[in-house]
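Starting from 1, each residue takes its place in the sequence as its number. Because the structure is a prediction, the values reported are computed rather than measured.
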Amino acid sequence: MAQCVQSVQELIPDSFVPCVAALCSDEAERLTRLNHLSFAELLKPFSRLTSEVHMRDPNNQLHIIKNLKIAVSNIVTQPPQPGAIGKLLNDVVSGSQPAEGLVANVITAGDYDLNISATTPWFESYRETFLQSMPASDHEFLNHYLACMLVASSAEAEPMEQFSKLSQEQHRIQHNSDYSYPKWFIPNTLKYYVLLHDVTSGDEQRAESIYEEMKQKYGTQGCYLLKINSRAPNRASDEQIPDPWSQYLQKNSIQNQESYEDGPCTMTSSKNSDSNLLSLDGLDNEVKVDGLPDNCRVHPLQIDQCGDTPHNTDGSDHAKSASSVHETKKASTGLIRGACLTLTDHDRIRQFIQEFTFRGLLPHVEKTIRQLNDQLISRKGLSRSLFSATKKWFSGSKVPEKSISELKSTSGLLYPPEAPELQIRKMADLCFLVQHYDLAYSCYHTAKKDFLNDQAMLYAAGALEMAAVSAFLQPGAPRPYPAHYMDTAIQTYRDICKNMVLAERCVLLSAEILKSQSKYAEAAALLIRLTSEDSDLRSALLLEQAAHCFINMKNPMVRKYAFHMILAGHRFSKAGQKKHALRCYCQAMQVYKGKGWSLAEDHINFTIGRQSYTLRQLDNAVSAFRHILINESKQSAAQQGAFLREYLYVYKNVNQLSPDGPLPQLPLPYINSSATRVFFGHDRRPADGEKQAATHVSLDQEYDAESSQQWRELEEHVVAVANKGVIPSSFYPTQYCLNSYSDNSRFPLAVVEEPITVEVAFRNPLKVPLLLSDLSLLWKFQPKDTSGKDTEKERVTGEPEMIGTEVISEFLINSEESKVARLKLFPHHIGELHILGVVYNLGTIQGSVTVDGIGALPGCHTGKHSLGMSVRGRQDLEIQGPRLNNTKEEKTSVKYGPDRRLDPIVTEEMPLLEVFFIHFPTGLLCGEIRKAYVEFVNVSQCPLTALKVVSKRPEFFTFGGNTAALTPLSPSTSENCSAYKTVVTASPSLGTAFVSTASSVDFGTGTGQQLEAIPVPLPDSVLLPGASVQLPMWLRGPDEEGVHEINFLFYYESVKKQPKKRHRILRHTAVICTSRSLNVRATVCRSNSLEDEEGRGGNMLVFVDVENTNTSEAGVKEFHMVQVSSSSKHWQLHRSVNISENRDAKLASREKGKFCFKAVRCKQKEGDKQSSEKYTFADIIFGNEQIISSASPCADFFYRSLSSELRRTQDQLPAYPEKNASEGAVRLIEKCSEVDLSIVVLWKAYVVEDNKQLILEGQHHVVVRTVGKEACSHSQKQEPPEMELLKFFRPENTTVSARPSVEQLSNLIKTSLHYPESFHHPFHQKSLCLVPVTLLLSNCSKAEVDVIVDLRHKTTSPEALETHGSFTWLGQTQYKLQLKSQETHSLQLKACFVHTGVYNLGTPRVFAKLSDQVTVFETSQQNSMPALIIINNA
């Protein structure tokens, strides 16, 4: 139990005090009423004696009584109704609340730190009122009247006569059988006569004379002169006198009890009923009541005064009375009690109580105890049998004996007042009232035995109860507290007698005693046992005290405390005690909060919310309901729906109280702030037929770090190109979409008149759908003027001329669904924008709204979903930036950087480009050429310029050459019309090449290693506002099959330079699926034939293998080789070697074709400075139409593939600078074997699609770098090598000297032997056969070469000897020559044969070195091909 102000040793004596009745004349009552008090109320503060009192017990021992208190009350002749007592107790409890600002005790138990109020004043008030308002009963005498004060005024005409009337009235009330109430202790009640004298208005001499007369008649011990009202009422405000009545009467003023206590009970006889006044709230506002009969002397707790009488006031008077009560209750707050009394009067009243107790009450009690004791002693002296007979004789009217079961069912016997057992009980009660607990216990114990013997259970229970209390209160504690007595009494009262009031008194007393002995567990069990359904208020208070018992144990039982507080709160709620219910739930919540007991938390929060709402504590209600909704609820959908509706209802009421206040923060739905994305710009237009808009950036695209990096690199590159190779220091990559992955440390830039889209990620944690209506962004805007200065005032939401706000009328989030909302703002002015959060109406969905069969009410919500209740509120978007981790300080502490994605700066107008692709394919064959169109539209109000496009795959597309001559005209709509520039040729000599030249500069590409930004050929380089231009675009399918993502970045600038935003970009990602077509391989080898038309340097043979690798997946029937072209700075195809006349070069699926061409060196015109930049194109056609390979798009794709190939090889090969001359020589030797001849194979494919035949065109490129090395049109996929064991080795630090390979040296000098294939010689005439042989030496390099020809070489291998016979060279055996650049020299040699046979003439060894090199890179230049000659005998 909670701590109490009084200890149990003080509580019990104060609860059981001698009761004294007061009967006043009207005049006497009037005198006391001048102080707004009745006579009984006047005495209340002074009813405790200030000194010890002595009396003699029956054994003549002196007994000391400490702190004796007496209770004086007006006589009432009707017992209190239980309903009225209940109302009084209810009001007492509701009127006692925890003091504001009271510091609660902090109890630490385990993991719990609980703030608990240590005291419960409402319980103490309840207990005190309960014990005081207990009706008097026949089985006990503790609250029966011992004495009666008869009070008259000295101002009355005949005071002595008035005393006689009052005495007769008291006698009639006590002894007349018409009055069963009130109860009197003994027939011979002490009468004490009090003469009230008003000092200010009365005659003191008259009063004294009357008092003398009284003393003569009633004796000095039986009367008293009380002087009051020593000052006039109008002087009341002059001097402040303490008000001792407030603490006693405050409850009554709250509960409006005075109107009952001062009612008709003041009447003295029926004769002066006309003068009866019903005083309300102790004021002089009196209502005249006519003819009240005697039976209306009712208890002050009567609910309906005089309600059953026929003489009741009519309705109008009753209404006036009620309104009067209401008004006087309002006025009672300023009431001054005791206004006419001085401190001297206070002392007189105190002295009066002392005199009454000393001279009147205690002698009377002492005498009564002696009389009863004498009876008890005489009874003990009788024999048991005689006593039984006497008992029967004494109790003539006793109910006949019954069986035990009947006794138990009827609560036992009913004794007459004169029964000896009751005399014992009377004596026990009297001893108890005067604190003689030893004697009281003895008597109770004796009475208990008698009652139990008679099976008088009600009497027995009462004796047991008081015996236990007396035993506890005995001084020196001679015996332990008999708790079992109390348990038996409680059980008897409750189960047998069905008297819960008495049972409750037992529990209250026993629990307090057990608490004082620290027996909290037993006290709690006792309190819980008496909780029942018949009284919610009692159950609530007892459960709360039980909870305090659990928390006050040596080892606090926290969860039991919380559980019982919840139960108490529930019962308080049922009893209508909303504040106490709320307090209990709040205290219990401390235990359940955050422990994972979500259902318990939900229940408590829900109840707290409801109670707070009932008490108009709306903020607390909102907070409690908010907690239910934001926790991960495990409730059912129906329960969650109920919680949500309740919450919305409460919120709506809160908003109605302050409609102009700030919007409240709503708890639902959850917003994942970090997932908020911000997009700057218009939404992408959907595809329109063959017209497809650039993909650009949109919120539908997922973030990809790799592609994001690629776009950044492309933008950096194009910005560097636009700024002459330097990236400006102010450059920052353009970010159209900001998310949690992007760099949000800077303020993003938005453009005026272009929308800002904010994607907010909502999540509904409930199992019921949420409907958000009128959903929009909440923002703050700081406008700036055109010079960039801030304007004077800051604009906020609701300025559509500054910022347009899109409103989503309905946004439905289903149960447990995550959903994003995209909300737009339209800035119309430059300045700083801050997006604060979202604002919306939160509501639920109901069924169709119908009323009495009628459709939706006018003015109701008529959207797609029928809306239940909704409230308007907001949620803020607060995004935490990335954690900083750069400096040491940041690493050792937790610091976060800024995230400014919601704080864009709106800049001035910029041009806005839209790009559309027309007839853009999604599938191509590898190498296929397709023509599409690109439309550029400027949709802004500013002209744009410097339009460029950059891509990682520039070989995929071209806009054509720089000049119109190189770009073919747009083809007609015919399907089979070629994308190439073609010329119909007259049939020339078969297989001879058509030669043309072109420069890479003409096609906007160099052969550099850098990516290049390709300028888009806009007319006049400017695109005006609203203008659009269509340009042709040729596409070539990538050489690798599969799906390709090709990124285009379009860059453009405003004609008017902007300080903050210099350029804009537009992205497009094209997805192309390629399927296999042809695989082209080419090799070049030197021709042994040294003649050419010019008689200069060598010829080459070019072998081209073409394989159809298509598997007919794309419906390709066959490929036709249309033309083979070459492109090189140094070489060109001259003619076809092996093509037969009228043979069509067709390749069906999986077929392979082989072509052989002769290549010759290009003719260089004298003085042509740019010849090194010019490429010579040679076309060998297989039909009658020549595709001009030096024009677009053939040349474009050739140059683009060449530059991408160069980039690839540069990436693979590390670049070493030339260190010395020997390495330069090596390079010269290497260049001899380099060809750098590009072969372009142009083809047509016949495709059947939808029963139509289409002709597709394409080209493949092969770059042959070196003689004898095969080149392929696309890199072959390498198989991953098999796993091998790991080998460890130490690298040798030997520097390998740069030497050319044998293969490279063999290509330095080209040799050729000219001789007759067969020679006839008559050996029988001449034994030696001499054959002339010419050795041709050709210098393939561009440097001078020293050549040594050695003829002394012999074949030593046995195979060669077996195959070829031996012969001898005649003449000079060694020749030294110097060959100039690309010079050819012939040596005339003679071979000598002695037999017929087949001989290999390829025996001369040729050594070569560069002329300016001292060290010889000499190695054998052995011709690999055998030169066979047949010698015949003629």
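- N605 places a side-chain N or O within 3.5 Å of a backbone atom of E601 that can act as its donor or acceptor partner.
- At distances below 3.5 Å, not a single donor-acceptor pair connects side-chain atoms of H54 with backbone N or O atoms of H63.
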Between D14 and R48, does the side-chain contact (heavy atoms from CB on, under 4.5 Å) criterion hold? Intermediate values first, please. CA-CA 10 Å; D14 275 6; R48 187 184 295 277; 2.6 Å; yes
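- Of the possible polar contacts, one joining the Y493 side chain to the G462 backbone as a donor-acceptor pair under 3.5 Å is found.
- Between H548 and Y561, the ring-plane angle classifies as perpendicular under the 30° and 60° cut-offs.
- Side-chain atoms of E504 do not come within 3.5 Å of backbone N or O of L530 as any donor-acceptor pair.
- Classification of the Y126-F123 ring pair by plane angle, with boundaries at 30° and 60°, yields parallel.
- In this structure, Y145 and W184 have tilted ring planes: the angle between them lies in the 30° to 60° band.
- Side chain of Q545 to backbone of A524: no donor-acceptor contact under 3.5 angstrom is found.
- Taking the six-membered ring for Trp and the full ring otherwise, the centers of F432 and H436 sit at least 6.0 Å from each other.
- With Q97 contributing its side chain and S94 its backbone, the two residues share a donor-acceptor pair below 3.5 Å.
- Proximity of a side-chain donor or acceptor of S573 to a complementary backbone N or O of G569 within less than 3.5 Å is not detected.
- Checking Y415 against D454 by side-chain atom types alone, a donor-acceptor pair falls below 3.5 Å.
- Judged purely by atom type and a 3.5 angstrom limit, H564 uses its side chain to pair as donor or acceptor with the backbone of K560.
- In this structure, S510 contributes its side chain and C506 its backbone to no donor-acceptor pair below 3.5 Å.
- Of the N and O atoms on the side chains of T120 and E544, not one donor lies less than 3.5 Å from an acceptor on the other residue.
- Residue K69 qualifies as enclosed at atom NZ: its count of foreign heavy atoms under 6.0 Å is above 12.
- Ring geometry for F451 against Y459 counts as tilted: the plane angle lies between 30° and 60°, on a 0 to 90° scale.
- Put simply, the side chain of H139 never gets that close to the backbone of A456: no donor and acceptor are under 3.5 Å apart.
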